[in-house]
Amino acid sequence: MIIVMKPNCPQQEIELLCAKLYRWHLIPEVSMGKDKVVIGLVEDTTEIDPRQIQNLSLFIEEVVGVNKPFKRASLEFRNGEPRDVQVSTPSGTVTFGQNHPLVVIASPCFVKSEQMIVETALQVKAAGARFLRGGAYKPRTSPYAFQGHGESALEWLATAKSVSGLGIITEVMDTAELPMIASVADILQIGARNMQNFSLLKKVGATNKPVLLKRALSATIEEWLMSAEYILAAGNPNVILCEREIRTFDIKYTRNTLDISAIPVLRSLTHLPIVIDLSYGTGKLELVTPMAMAAIAAGCDSLMVEVHPSPQTALSDGSQSLTPGFAQFMGKMTLFCQFFGRWQEQYDYCEMGISTGNGRVGTLIPQ
Ligand code: PEP
Ligand code: MN
């Protein structure tokens, strides 16, 4: 149940109302919206007549039931107001949200060496990416497949961060590694395979780091939002949803199916920002740009795309990696985002002139 307060309701009235709710053994969660304050009640309120709540204060505009299993993640919980997830990076705060420019996250699948990640970071930064995502700990189907360079990769990511100024996203698979990963990452990634690892969700929910929550391979939208609810319920409001693919039957031409329709569906259900992982969603380089355009048109807030300085030598997922075409990709996205009002002019190739010293940036810039 949520209580929407009238505009300009005095703070004292809100405190008074919260005190009354506590006396009823209800725990109020106050969200300050742009114009109105909303008080959420996540406990079971089926026995309570909304009119009883309404009578608690003259400043209550309306009392609305939330009849969904996810409460804090629901759009109603914020009275329809989208959440901005603000992330601090060395080059300033980046906002993921509906009324903000598209955020591009570039990423080699995993961090191979310091040189490789620093080089990639500089290239993608120059082309307009705001985040670098790279796997230090990789979830692999086979126990014999390469599992990531772990702690060393985290150090290399830290170097790439300080050299490029990009924010860092990397995956957490094990609660034991969380403190170490959180000391480098600006956003913690929960991978598709751990979407329902509830103890991990509770642990990242207890940190103050934004969390990128990937949709599991066969998760329904409701299951995904229930996982987001775990993180929100543990006290961390900064959850970003990441659609990456769902399992369908055509594995020959599309590998998996990027569920573009999830974007408008999520918009109608939740206030949380939405990232589309293009590379996982398509598995094929030639599908990345068309699906990116579809995702932007459908209203996503951020795109994640795999890049690699030399895809032919990548140990995994080279076939879906975009470098050295990343800058051309960004050029197309700029035009497309401008049309949809989702581009920040200051990032339009603002760093075209900056040389990284390796002479490769020039080859990435579209003419
Ligand atoms: C990844 O992002 O590196 C990854 C393994 O993706 P997913 O969890 O979506 O399979
Ligand atoms: Mn990968």
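Whatever order the structure lists them in is the order used to number ligands and atoms, beginning at 1.
In K71, the NZ atom is crowded: over 12 heavy atoms of neighbouring residues, nucleotides or ligands sit closer than 6.0 Å.
Within the listing of ligand 1, atoms 8 (O) sit less than 4.0 angstrom from a heavy atom of G191. The contact set between ligand 1 and R193, taken as ligand atoms under 4.0 Å from a residue heavy atom, comprises 7 (P), 8 (O), 10 (O).
When hydrophobic side chains of Ile, Leu, Val, Met, Phe, Trp and Tyr are connected at separations under 4.5 Å, L16 ends up as a singleton with no cluster partners.
Look at Q189 and you'll find a heavy atom under 4.0 Å from some atom of ligand 1. Heavy-atom separations between R133 and ligand 1 include at least one value shorter than 4.0 Å.
Among R342, R83, R130, the one residue that satisfies the salt bridge (Lys or Arg N to Asp or Glu O under 4.0 Å) test with D301 is R342. Checked options R133, K214, Q189; the residue passing with D277 is K214 (criterion: side chain to side chain donor-acceptor pair (under 3.5 Å)).
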Show me the donor-acceptor pairs, under 3.5 Å and distance only, between side chains in residues 7-15 and residues at least two apart or in other chains.
{"from": "Q11", "atom 1": "NE2", "to": "E15", "atom 2": "OE2", "distance (Å)": "3.1"}
{"from": "E13", "atom 1": "OE1", "to": "S57", "atom 2": "OG", "distance (Å)": "3.2"}

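Looking at N197 and S199, their side chains do bring a donor and an acceptor atom within 3.5 Å of each other.
Residue E171 has no N or O atom closer than 3.5 Å to an N or O atom of ligand 1. For ligand 1, none of its N or O atoms has an N or O atom of C109 under 3.5 Å away.
Distances from atom 6 (O) of ligand 1 to the heavy atoms of M304, K214, R244 show the closest one on K214.
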